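Just below is one structure, and these are the notes that go with it.
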2 protein chains.
Amino acid sequence: MLTNSRAAYHDHNHQRCIDAALDRARDLCSQQGARLTPLREAVLHLIWTSHRPLGAYAIADLLPAATGRKALAPTVYRSIEFLLDQGLIHRVASLNAYIGCPFPGSRHSELIMICRACGTAAELSADSVDSALSDVTRRAGFFMETQNIELLGLCPGCRGEGGPS
Amino acid sequence: MLTNSRAAYHDHNHQRCIDAALDRARDLCSQQGARLTPLREAVLHLIWTSHRPLGAYAIADLLPAATGRKALAPTVYRSIEFLLDQGLIHRVASLNAYIGCPFPGSRHSELIMICRACGTAAELSADSVDSALSDVTRRAGFFMETQNIELLGLCPGCRGEGGPS
DNA sequence: GGCAAAAACAGTATAATGTAACAAAATGGG
DNA sequence: CCCATTTTGTTACATTATACTGTTTTTGCC
């Protein structure tokens, strides 16, 4: 089981998350011959500002302060498309928002846990889920190619505050 | 394992799907004291026209022919909200579209298989997936409340036509 | 049936998200 | 340096969804 829930849901030095994500992104892009331009890196950086999914227009609003250049929707969406293609971010369909992938490059199925109280999202990859899904879909005659699993609930912190034990 | 993939992905008498869905809807609503008005029933009927998720504006376009009255976005969305609340339909977030729930009322986790070739969607519920998800999320300290699982791939029919074996 | 309260519906306007199309600028290889 | 390619800027617009106001319909109660 691979997850970034420890970091996402607990106090941590978030700067290390950011640094690690940007380092991995630079490495992966240079390996792939993909160009992580300043704009794309700035968008990735903004998405990694927190562990909460960020919308495209929020990115557009934040970019000027981060880069000094204003950015309109198509520019932002192009960067998002690039980052999605490289597997550096994920789209959270139920929120129309985007979140940094904590383990890009490694072959993994994405499963996103979203706290309905604080909005924090963590990613998790587990063979047990993969095999259960492969098994049942195969039995249904369906050839599964990609998964989009978004789970809503309460993170450890918000569960304690008046939530269920 | 509970699924409507047999019907959705193979030749079948679809009128029976529609009739069964509407019957179940009427039963459930009368049990719940919810009012399945003509408009709401018409929207549900339209969504059940096929096993392909249908968008809200497509519903709005189709309603006049189906009911004789024109319907604007807010009207459609209100009916959709009602049907979602009753568990009679599901929202497919990755498509911004809505699909009829083949087994409403029964407590089940929803898992939607979407064929990327023909757009047909089937629903599946399996304890093995539920328990795998419960297990891994619990280990991550996350209290899962609702699931949104959308799987993209190829249905039995489209897999045969030039797709993978 | 008549009436008050609640629910459902209609309509206008607008917000939020996303894309098409084309122009301008930057990049990198000859 | 020059050209082809890629990236970014800009305008316009498409799609999805909601806030809000007022009207109609339904419901429960007498």
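All chains are named by letter (A, B, ...) in the order of the sequence lines, taking the proteins before the strands, and each is independently numbered beginning at 1. Since we're looking at a predicted model, the values are computed, not measured. Side-chain atoms are counted along with the backbone in the values below, which use heavy atoms only and exclude waters and symmetry mates.
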Polar atom pairs between nucleotides 25-27 of chain D and protein, under 3.5 Å, N or O only, would you list them?
| residue | atom | partner | partner atom | Å |
| --- | --- | --- | --- | --- |
| D:dT26 | O3' | B:Arg35 | NH2 | 3.3 |

Under 4.0 Å, heavy atoms only, any strand: does B:Arg78 hit a base, just the sugar-phosphate, or nothing?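 B:Arg78: base contact, heavy atoms under 4.0 Å.
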
Touch class at under 4.0 angstrom, heavy-atom based, for B:Thr37 against every strand present: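 Sugar-phosphate only.
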
Tell me: [atom1] of [X] to [atom2] of [N], nearest whole Å?
| X | N | atom1 | atom2 | answer |
| --- | --- | --- | --- | --- |
| A:Arg69 | D:dT10 | CZ | P | 10 Å |
| B:Leu72 | D:dT18 | CG | C1' | 14 Å |
| B:Ile80 | D:dT16 | CD1 | C1' | 10 Å |
| A:Phe82 | D:dT7 | CZ | P | 7 Å |
| A:Leu95 | C:dA16 | CG | C1' | 14 Å |
| B:Asn96 | D:dT18 | CG | C1' | 14 Å |
| B:Glu41 | C:dC9 | CD | P | 12 Å |
| B:Glu81 | C:dA8 | CD | C1' | 12 Å |

Check: B:Asn4 side chain, B:Pro102 main-chain N or O, donor-acceptor pair, under 3.5 Å: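 Answer holds: no.
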
When you look at A:Cys158 and A:Thr120, which way does the side-chain contact (heavy atoms from CB on, under 4.5 Å) test go after all the steps? CA-CA 10 Å; A:Cys158 295; A:Thr120 301; over 6 Å; no

Co-membership, hydrophobic cluster, residues A:Phe103 and A:Ile89, 4.5 Å side-chain: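 No: no chain of side-chain contacts under 4.5 Å links A:Phe103 to A:Ile89.
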
Taking the nucleotide of DNA chain D with the closest heavy atom to each, which residue, B:Arg91 or A:Ala71, is nearer the 5' end?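 Going by which nucleotide is closer to the 5' end, it is A:Ala71.
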
So which one's nearest nucleotide on DNA chain D is more toward 5', A:Pro38 or B:Tyr98?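 By nearest-heavy-atom nucleotide position, the 5'-most residue is A:Pro38.
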
Grab the two heavy atoms, one from B:Leu154 and one from B:Cys115, that are nearest each other, plus how far apart they are. CA-SG, 4.0 Å

Taking the ring of A:His12 and the ring of A:His51, is the distance between their centroids below 6.0 Å? yes

To the side chain of A:Tyr57, which of D:dT18, D:dT10, C:dT17 is closest? C:dT17

Closest nucleotide among D:dT18, C:dC9, C:dG18 to the B:Pro74 side chain: D:dT18

DNA chain C: B:Ala34 or B:Lys70, which has the more 5' nearest nucleotide?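 Its nucleotide being nearer the 5' end, the pick is B:Ala34.
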
Determine: side-chain N/O of A:Tyr77 to OP1/OP2 of C:dT19, distance under 4.0 Å, yes or no.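 Result: no.
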
N or O in side chain of B:Thr75 less than 4.0 angstrom from C:dC9 OP1/OP2: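 Result: no.
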
Applying side chain to side chain donor-acceptor pair (under 3.5 Å) to A:Asn148 and B:Ser94, what does each step give before you reach the verdict? CA-CA 8 Å; A:Asn148 188 267; B:Ser94 61; 6.0 Å; no

For A:Asp27 and A:Gln31, does a side-chain donor sit closer than 3.5 Å to a side-chain acceptor?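 Distance-only check fails for A:Asp27 and A:Gln31.
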
